[in-house]
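It should be emphasised that the depicted structure is a prediction, and the values quoted were computed from it without experimental measurement. Per chain, numbering begins at 1; letters A, B, ... match sequence-line order.
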Amino acid sequence: MKVTLFIPCFIDLCHPNVGMSIVQILEQLGHTIDYPEELTCCGQPAFNSGCWDEARDVAVKVVERLQDAEVIVIASGSCGAMLKVFYPELFQKTGCEQAAKSVANKTFEFSDFLVTKLGVTDLGARFPARVTFHDGCHGLRELDLKQQPRTLLSHVRDLELLEMSEAETCCGFGGTFSTKFPMISSAMGDGKCASAQETGAEYIVSNDSSCLMHLQGLLDRQGKPLKTIHLAEVLTSS
Amino acid sequence: MSERENILGRIREALTLSADVPGHKQNNLLQVVSEEEAAPHIHEWLPAVGETIEDGLALFAKNSAELKTDFRLVDSLEDLNAQITEMASGWKKIATHSGELTDAVGDKLGLPVCSTDEGYEASDLESCDVGITQCDCLVAQTGSVLVTARSAGGRALSVLPPHHIVLAQRSQLLPDLPAAFALLEERYASNYPSFISLITGPSRTGDIERILVLGAHGPKQLTVFCL
Amino acid sequence: MTTPVHQFHTDANRAAQDLQQRAQIQSALSSYETACEARKSAFRDWESARQTAAEIKWDAVNHLDQHLREFADKLESRGTQVHWASNEQQARDIILEIIRSNNAHSIIKSKVMTGEEIHINEALEKAAFDVVESDLGEFIVQLRREAPYHFVFPAMHLKRGEISELFNRELGTALTEDPEELTMIARRVLRDKYITADVGISGANFAIAETGMISITENEGNARLTCALPKVHIALLGIEKVLPRLRDLALFLPMLATAGAGQALTCYNSLYGGPRQPDECDGPEEFHVVLLDNNRTQLLADKQQRDALHCIRCGACLNVCPIYRSIGGHTYGTTYQGPIGSVITPHLRGLQDWKHLSSASSLCGACTQVCPVKIDLHHHLLHNRRNAVIDKPVWREKLQFAIFRSVMNRPKLYRFCVRIGRLMQPLHRLVDGTRLDPARGWTQTRKLPRIAPQTFKDFWRNRK
Ligand code: SF4
């Protein structure tokens, strides 16, 4: 299969390893990767701030470039939700409406693509650590990703998954919210970290780098030993 | 133009735009069906109730225990009277209304009675130790007692005294809430009482640290006798 | 004067750091959570119940004029006086007029959120009437002269010790740590009031069009007493409260109890269809129903957000909201707190003054997931944000996103910016987290992620 990869800006800049891991996994499974270098952002920051015109200007490039793709894999639940759920609304009653819908229909978040579309659950990875899983809200509630990442984790050797009580509670990132209301955002993040710490895990794993970026930022500031890691990186460990 | 017409006019104007169907997650769209289609199914979604009368009684008893309702099955009027007489030690005055069951009990206690049938003084009713009423039905699903101004001696009798005693018959037990509302329609549709209430357990509050306290403003004790 | 947005920022920042208050909310809501989950699973099919509830409300709201007319006509035919108020002022005037024409002095209230909305207590006090809240939580916050903290659990933020001291100070009662004794103090004080009050004011949870009745849900019995003893009963409710049929309650009452308080059914669910009827022994001589618009028709005209009028005010969306749990109820500065408050307040009280509530959300969607009538809450927050920008763009934000657009749409510019960013990183370390830091919004509490030596785009290019 020819897989078109969408790498959001924060992964490109700060967490390139996540993208590389995804490339590695998909190629090992025998797929060819098409990576549109000119695409950087799905437009969500503008969209979430109410600036839908600006968001549309960015998103239209994405739609145009991706409409002929066979299948689109995206490395973040949040950007995935943007493409799958919000593009159809953003482009409602515009010339791009159909194209946006077709992009939405063939877009998959990374873990969903592996488990639901390809039926792959075991990638032969080994990650000897205690981890807890954070459900990114957009992935969880807009895309119904709950079991997919856990299925993948359950096949990682030597990995112990310790569920935290607040797994489904928002970490407080919320895109521009995190800088517009930093104190609320951080208070929420603290709650999340505390819940993760309670499990005795060494890592918070998630399929959303944006949440992890926020949590890691908090943990680093507070000098806490807990670490964050993206699911794709866990799946390429051995 | 009256304010009524102003408001209704604004509503009509607003409704000329037909609204989006809520929920734009593709797999989560509302399928607007008519209530006629939905109504017969409501009971299928509510908490389970058993099949038989015995199941119903058992469920009512279980719910009562959770709600801290004192539920008592009695075999005969004599049994009922004996149990009430036992409760009555310490009572100085009772309040009740006339009715088949209440009449059979109230008179036997030999206590002063405040009857609400012809109207009453609120302070007089307030000074009673107990309010004894009948009801329209019992609802097994929720452990509720359905009362109306007509079946239970008005609005206050079942809420002002610190102890409310309900006298009911086994045949009055209904399985679930849809059945209770169907009963209301059947019994009163031509002329509803001005007051109807589903009473589910003794009065309670959790307003202080969400800790349950019984008898907030209404009765602290609710006893349901089922003949 | 401080504007709502300033107030919000100040209060939110303080509250977010008040660990004690957060712990208090957490513990107050934890028993609710368990109970609520248990009740939901007792339903044989909670999701279908939600679906149908949403459909019934959809029908009610989309034929609101017919239902309201039926509701009012039925009530009037049985001796109730129905009043219509377009705004707060009219509603207050109507209520004051009823009270004056009855020569009334003392007024007992059961919980009325619409009353908070029109500031009825202030109006009554100003007119020198004696008005007492009878719901225990409302009674407590009234004594403290503050607004309810939560529209279902008004005094949720207080510990028993604080309540005890309050009663001691205001009522002269002995100090006690026992919630039961505290409750009994309120009971004793209020008993007298029910019997002597001339007027009872209540709200309503539902308005049944088919039979012309209001439905009131409560646990304490205070509303029942308020509607039984005083010789005048006034019910104040929003026009969106209608349900088409009496039997709809068989679904809505257990759902409200489950979502609102984790109960199978609330203790008293009472219907009132008129004043005392000729064959009845008690009840008020006069029953007045005041229907309040107060910009609800404006929300109705927003076809995208019309479903916000489905709300049955169960409070479930507040209870799960991580924002509410972090900042508490008073921070909102609104009658309706939490997600539903953030959605509807801009409609009820002005978009520009209250749009910040819609921004103060991470859009996690926990609210939408629990709402028993399936209101698309977090998506409506997005709609409010968009509407606010269309209505009155903020130039700074516009500029920000114009730059954002050019950078994201021009690969070369993007690459250039990445290079600049890399160069700035060592400099940034000097100001990291301080007041001089342009990224302080992030760095005040969090470390800034570093730009990787090799970005993904670099990696891809090198590989090719
Ligand atoms: S919006 Fe939904 S969850 Fe929130 S109070 Fe209203 S009905 Fe309840």
Closest-packed option against chain C by number of heavy-atom pairs under 4.5 Å, given B:Leu17, B:Val159, B:Thr142 = B:Val159
Would you give the length of the straight line joining atom OG1 of B:Thr205 to atom CZ of C:Phe139, rounded to the nearest 0.5 angstrom?
-> 12.5 Å
In this structure, which one of C:Gln277, C:Arg78, C:Arg276, C:Glu280 forms a side-chain hydrogen bond (donor to acceptor under 3.5 Å, both in side chains) with B:Ser194?
-> C:Glu280
Is any side-chain heavy atom of C:Leu291 less than 4.5 Å from a side-chain heavy atom of B:Ile7?
-> no
Where do B:Lys220 and C:Glu220 land on the salt bridge (charged side-chain N to carboxylate O under 4.0 Å, His left out) test, with the steps shown first?
-> CA-CA 10 Å; B:Lys220 201 181 174 70; C:Glu220 298 179 4; over 6 Å; no
Spacing of OG belonging to C:Ser134 relative to NE2 belonging to B:His217, to within rounding of 0.5 Å | 5.5 Å
First locate atom CZ of B:Arg204, then atom SG of C:Cys267, and finally report the distance between them rounded to the nearest 0.5 Å.
-> 5.0 Å
Could you look at C:Asp279 and say if it's the side chain, the backbone, both or neither that has a heavy atom under 4.5 Å from chain B?
-> side chain
Turns out that what part of B:Thr116 lies under 4.5 Å from chain C's heavy atoms comes down to both
Is the closest side-chain heavy-atom distance between C:Tyr268 and B:Thr200 below 4.5 Å?
-> no
What are the two closest heavy atoms between C:Ser86 and B:Arg10, and how far apart are they?
-> OG-NH2, 2.8 Å
Chain B interface, residue from C:Pro179, C:Ala72, C:Ser27 that has the most non-hydrogen pairs under 4.5 Å = C:Pro179
Residue B:Pro219 versus chain C: region with a heavy atom under 4.5 Å | both
Note: B:Ala216 and C:Thr183 closest approach over all heavy atoms is CA-CG2, 4.0 Å
Is it the side chain or the backbone of C:Leu229 that comes within 4.5 Å of chain B heavy atoms, both, or neither?
-> side chain
What residue, out of B:Leu212, B:Ile211, B:Leu184, B:Asp207, has the most heavy-atom pairs lying under 4.5 Å from chain C?
-> B:Asp207
Go through the atoms of C:Pro244 and report whether side chain, backbone, both or neither lie under 4.5 Å from a heavy atom of chain B.
-> neither
Of the non-hydrogen atoms in C:Cys281 and B:Gly153, which two are nearest, and what is the gap between them?
-> SG-O, 3.5 Å
C:Tyr272 and B:Phe195: CA distance, side-chain angles, deciding distance, side chain to side chain contact (heavy atoms under 4.5 Å, CB included) verdict = CA-CA 5 Å; C:Tyr272 298 92; B:Phe195 162 77; 3.4 Å; yes
Run the side chain to side chain contact (heavy atoms under 4.5 Å, CB included) check on B:Ile208 and C:Ile163 step by step: do they pass?
-> CA-CA 8 Å; B:Ile208 299 174; C:Ile163 295 167; 3.8 Å; yes
Work out which heavy atom in C:Trp58 is nearest to a heavy atom in B:Ala19; give both atom names and the distance.
-> CH2-O, 3.6 Å
Give, as side chain, backbone, both or neither, the part of C:Val82 having an atom under 4.5 angstrom from any heavy atom of chain B.
-> neither
Would you mind checking which part of C:Arg191 comes under 4.5 Å of any heavy atom in chain B, side chain (CB onward), backbone (N, CA, C, O), both or neither?
-> side chain
Taking C-beta and beyond as the side chain, do B:Arg155 and C:Pro284 meet within less than 4.5 Å on heavy atoms?
-> yes
Okay, B:Arg150 and chain C: the region with an atom under 4.5 Å from a heavy atom over there is side chain
Could you check if a side-chain atom of B:Ile196 sits within less than 4.5 angstrom of a side-chain atom of C:Met213, using non-hydrogen atoms only?
-> yes
Salt bridge B:Glu186-C:Arg247, side-chain N to carboxylate O under 4.0 Å | no
Could you tell me which portion of C:Thr266 (side chain, backbone, both or neither) has an atom closer than 4.5 angstrom to a non-hydrogen atom of chain B?
-> backbone
Select one option (side chain, backbone, both, neither) describing which atoms of B:Leu214 are under 4.5 Å from chain C's heavy atoms.
-> backbone
Value rounded to 0.5 Å, distance of CD in C:Glu162 from CD in B:Glu209 | 9.0 Å
Tell me whether the guanidinium CZ or amine NZ of B:Arg210 lies under 6.0 angstrom from the six-membered ring centre of C:Tyr32 and within 45° of its axis.
-> no
Region of B:Glu121 that comes under 4.5 Å of a non-hydrogen atom in chain C | neither
C:Leu190, part contacting chain B, at a heavy-atom distance under 4.5 Å | side chain
With a 4.5 Å heavy-atom cut-off, do B:Glu185 and C:Arg245 have their side chains touching?
-> no
Determine whether B:Val213 and C:Met184 make a side-chain contact, defined as any pair of heavy atoms from C-beta on separated by less than 4.5 Å.
-> yes
Between B:Arg4 and C:Asp73, is there a side-chain N and carboxylate O pair less than 4.0 Å apart?
-> yes
Contact origin within C:Ala85 toward chain B - heavy atom pairs under 4.5 Å = backbone
Between B:Ser158 and chain C, which part of the residue has a heavy atom less than 4.5 Å away: side chain, backbone, both or neither?
-> both
Contact part of C:Leu253 toward chain B, heavy-atom cut-off under 4.5 Å: side chain, backbone, both or neither?
-> side chain
So do the side chains of B:Asn6 and C:Trp84 get within less than 4.5 Å of each other, counting heavy atoms only?
-> no
Say you draw a straight line from CG of C:Asn269 to CG of B:Leu198; how long is it, rounded to the nearest 0.5 Å?
-> 6.0 Å
Verdict with supporting geometry, B:Leu15 and C:Asp65, side chain to side chain contact (heavy atoms under 4.5 Å, CB included) = CA-CA 9 Å; B:Leu15 291 178; C:Asp65 53 332; 3.8 Å; yes
Taking the side chain as C-beta and beyond, is there a heavy-atom pair between B:Pro162 and C:Arg187 under 4.5 Å?
-> yes
Using non-hydrogen atoms only, which part of C:Arg306 is less than 4.5 Å away from chain B: side chain, backbone, both, or neither?
-> side chain
Side chain / backbone / both / neither for B:Asn191 at chain C, heavy atoms under 4.5 Å | both
Shortest non-hydrogen pair, B:Ala156 vs C:Asp282, comes out as N-OD2, 3.0 Å
Toward chain B, the part of C:Ile239 with a non-hydrogen atom under 4.5 Å = side chain
d(B:Ile11 CD1, C:Leu64 CG) to nearest 0.5 Å is 4.0 Å
Contacting region of C:Ser31 [heavy-atom separation from chain B under 4.5 Å] | side chain
Might you work through the side chain to side chain contact (heavy atoms under 4.5 Å, CB included) test for B:Ser197 and C:Arg224, ending with a clear yes or no?
-> CA-CA 9 Å; B:Ser197 191; C:Arg224 284 192 59 193; 4.1 Å; yes
Let me know if C:Tyr194 has heavy atoms under 4.5 Å from chain B in its side chain, its backbone, both or neither.
-> side chain
Pick from B:Ala14, B:Pro47, B:Gly218 with the largest number of heavy-atom pairs that fall under 4.5 Å of chain C | B:Pro47
Can you tell which of C:Gln90, C:Met156, C:His83, C:Glu210 has the highest number of heavy-atom pairs within less than 4.5 Å of chain B?
-> C:Gln90
Side chain, backbone, both or neither: which part of C:Gln298 has a heavy atom under 4.5 Å from chain B?
-> neither
